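It should be emphasised that the depicted structure is a prediction, and the values quoted were computed from it without experimental measurement. Each chain gets a letter, A, B and so on, in the order its sequence line appears, and its residues count up from 1.
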Amino acid sequence: MRRGFPLSSSAVQHLTSPVSTASPPLATLLKSCKTLRCLEQVHVLIIRKGLVQDNYLISRLVSLCNSPSILPYVTSVFNRVSYPNACLWNSLLKGYCGHSTLSDSLSVLSAMRVSGAAPDEYTFPPLIKCCSDELAIRIGVGIHGLSIKFGVESDVFVGSSLIDLYGKCKLPEHAQTVFDEMSVRNVVSWTALVVAFVNSGDLGNARRVFDIMPKRNRVSWNAMISGYAKLGELSSARKLFDEMPLKNVISYTVMIDGYAKSGDMVSARYLFEQCPDKDTVTWSALISGYVQNGLPEEAVKFFLEMERCSAKADEFIMVSVMSACAELGRLDLAKWIDSYMSRSSFDLCRVHVAAALVHMNVKCGNMERASYLFNNMTKRDLVSYCSMIQGLNIHGQGVGAVKLFYNMISEGITPDVVAFTVILTACSRSALVEEGCRLFDMMRNQYSITALPDHYACMVDLLGRFGHIEAAHDLLKSMPVEPHAGAWGALLGACWLHCHTEVAEVVANRLFELEPLNAGNFVLLSNVYAAASRWFDVTVLRNQMVDRGLRKIPGRSWIYFEAAKVDGSTKMELIYIHVGRVHVEGRLGNSWFLEAGLGHIGNI
DNA sequence: GTAGGGTTAG
């Protein structure tokens with residue numbers, strides 16, 4: 001009779017499996033199998049020797065399943081076994097838990113129970129781990145119940161998995177109950193309990209358990225240190241780190257990551273230098289730390305150094321580096337990274353990788369490449385849409401930005417606060433007053449998003465810039481929370497543009513309170529007075545500035561252009577410009593640092 | 001001549 005999973009079978013396993021006559025080389029051969037091809041070859045030998053029903057050998061073969069792609073093959077081998085025993089079922093189940101969905105794994109469990117093979121203490125840990133990874137607490141509780149039914153809940157492996165499950169699901173009291181009811185505990189059970197408390201933010205209990213543990217290993221130490229580091233208690237983390245007897249690369253990485261997240265890149269860098277065996281995650285912690293702390297130059301520097309050390313970059317690092325590159329607007333670097341990603345075996349179809357690529361190209365001014373990447377994305381998410389919308393916005397294509405925004409909605413993606421900030425900015429920059437007002441209403445009414453000060457600032461900018469000074473002022477006054485300086489500043493700028501002295505005075509006085517040291521506000525108001533020929537007020541204001549020791553700092557901006565020899569002449573492509581007369585101040589790499597003064601950009 | 005398992009860092 002042929003039995004097979006997932007076909008259910010009512011066969012009762014009362015027959016013993018055929019006795020194995022396997023010669024040792026087969027089992028040894030299986031041990032050294034790494035690829036599907038190798039597996040198939042050994043399987044051929046198993047078939048030739050007539051051992052396809054051998055539970056032991058097939059179990060060894062099934063447990064070699066180390067990737068989702070091998071799972072169908074392994075399942076077909078399993079399905080040829082007429083009477084799989086619990087051990088073989090467990091091997092298959094482990095393969096499914098590790099490389100398939102939770103629901104498929106549960107189907108395997110059902111098939112196992114239907115077949116009459118009794119689940120044992122080896123059956124549950126992989127299943128519980130699967131629930132724990134997916135935070136599937138309800139299913140997890142069901143599995144816990146089953147483990148009690150089969151009398152294995154107090155097994156040290158089952159128990160530790162359950163502690164981990166409840167810990168990950170932020171139910172430390174349940175974890176503690178399981179722990180208390182275990183008859184045998186080991187260092188893993190204790191460590192899982194520490195992690196359970198750490199996950200729910202209860203560092204006090206985590207430390208209490210850590211201190212009374214009968215034995216600690218590196219994992220226990222690292223778990224406690226990472227708990228402190230994750231919750232921002234860097235000094236406690238560091239103290240424990242210094243006390244730790246045998247640190248490994250994870251101990252260093254946890255600390256580096258903690259310092260980076262708390263903004264202390266000096267300490268992060270110091271420990272990074274101290275760390276003897278840096279791995280990809282260590283480099284990633286430092287590089288992403290620099291990006292998150294607004295130091296993209298450092299991020300790129302360390303990425304290039306990592307390349308020199310021939311350490312292997314992964315997706316996480318590439319996303320950080322792309323973000324740094326976007327921040328810097330370095331088109332040369334963007335092109336290099338772009339081709340590096342294509343050359344190396346990175347999966348450009350993964351949403352966050354593709355989104356970072358689009359964002360980088362947008363920010364570096366390569367809209368052609370950004371559009372190509374965006375249009376070829378298999379799946380577009382909110383972030384990639386926003387990058388693209390912002391790209392169109394930066395390049396003055398407000399109408400295109402609005403069109404894309406509506407495309408996004410029709411694709412079923414729900415815009416969030418950030419998406420509305422992006423689109424409202426686009427409307428403001430491209431003079432789309434009516435569209436902007438419509439979207440502002442849509443955000444509040446249709447999507448029930450409470451407008452943030454940034455949204456109000458966009459609207460004030462939009463209304464103000466096109467002369468609706470009173471409406472903009474009314475909007476600011478109607479805000480439920482205090483507008484930030486940016487919003488008032490936008491309105492002051494609009495007052496200057498439209499020579500609205502009356503509102504300008506009110507707004508400027510508010511700004512002088514909010515930002516007493518910002519010379520720009522004084523300059524703007526004085527320009528308003530000058531436009532109205534109120535020279536006396538201009539003088540008063542200038543004197544006030546002198547009294548306060550304020551001096552207007554000239555605006556500065558980064559400018560990047562690419563020089564390429566085309567037909568013997570030099571073609572220069574302007575990527576990003578700010579209005580102002582341009583003085584070349586100096587050169588840093590391929591970027592020119594410029595000072596923007598009054599006037600307009602002429603020919604460069 | 002029998003196997004198979006759990007915890008830490010982006």
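- Remark: P of B/dG5 and CG of A/L92 are 15 Å apart, rounded to the nearest angstrom.
- Between the CG atom of A/L240 and the C1' atom of B/dT8 there is a distance of 13 Å, rounded to whole Å.
- The phosphate of B/dT7 has neither OP1 nor OP2 within less than 4.0 Å of any side-chain N or O from A/K168.
- When each of B/dG6, B/dA9, B/dG1 is scored by its nearest atom to the side-chain atoms of A/Y56, the top-ranked nucleotide is B/dG1.
- A/T282 comes within 4.0 angstrom of no nucleic acid atom, judged by non-hydrogen atoms across all strands.
- When heavy atoms are screened at a 4.0 angstrom cut-off, A/T280 is found touching base atoms of the nucleic acid.
- Looking only at distances, no side-chain donor or acceptor of A/K230 sits under 3.5 Å from a matching main-chain atom of A/G258.
- No N or O donor and acceptor, one from the side chain of A/S161 and one from the base of B/dG6, sit under 3.5 Å apart.
- Atoms CD (A/Q53) and P (B/dA3) sit 21 Å apart, rounded to a whole Å.
- A/K31 comes within 4.0 angstrom of nothing in the nucleic acid, heavy atoms only.
- Side chain of A/V156, nearest nucleotide from B/dA3, B/dT8, B/dG6: B/dG6.
- When each of B/dA9, B/dT8, B/dA3 is scored by its nearest atom to the side-chain atoms of A/D164, the top-ranked nucleotide is B/dT8.
- Across all strands, A/V254 comes closer than 4.0 Å only to sugar-phosphate atoms, never to a base (heavy-atom distances).
- In this structure, CH2 of A/W221 is placed 19 Å from P of B/dT8, rounded to the nearest angstrom.
- The two atoms that bring A/I317 and A/T280 nearest to each other are CD1-O, 3.5 Å, heavy atoms only.
- Residue side chain A/F157 fails the stacking definition with respect to B/dG6, as its ring centre and the base's six-membered ring centre are not both under 5.5 angstrom apart and under 30 degrees in plane angle.
- Contact between the side-chain N/O atoms of A/K129 and the OP1/OP2 oxygens of B/dT7 is found at a separation under 4.0 Å.
- Taking the six-membered ring where the residue is Trp, A/F179 and A/W190 present perpendicular rings, their angle passing 60° and hence far from 30°.
- For the pair A/N222 CG and B/dT7 P, the interatomic distance rounds to 15 Å; values are reported in whole Å.
- Relative ring orientation between A/F302 and A/W283 is described as tilted, the plane-to-plane angle lying within the 30° to 60° band.
- The separation between A/K215 atom NZ and B/dG6 atom C1' is 15 Å, rounded to whole Å.
- Nucleotide B/dG10 holds its P atom 18 Å from the CE atom of A/M306, rounded to whole Å.
- Within 4.0 Å (heavy atoms only), A/S288 reaches no atom of the nucleic acid at all.
- Comparing B/dG10, B/dG6, B/dG5 against the side chain of A/D314 picks out B/dG10 as the nearest.
- In this pair, A/W336 and A/F303 present their aromatic rings perpendicular. The plane angle is above 60°, beyond the 30 to 60° band.
- Between A/H43 and A/Y73, the two ring planes are perpendicular [angle over 60°; tilted spans 30° to 60°].
- Closest to the side chain of A/N186, from the set B/dG5, B/dG6, B/dT8, is B/dG6.
- In this entry the distance linking CE of A/M224 with P of B/dA9 reads 13 Å, nearest Å.
- Set against B/dG5, B/dG6, B/dG10, the side chain of A/V281 has B/dG10 as its closest nucleotide.
- Across all strands shown, A/S63 has no heavy atoms under 4.0 Å from either base or sugar-phosphate atoms.
- Of the candidate nucleotides B/dA9, B/dG6, B/dA3, B/dG6 has the atom nearest to the side chain of A/K94.
- Closest to the A/E121 side chain, of the nucleotides B/dG10, B/dT8, B/dG5, is B/dG5.
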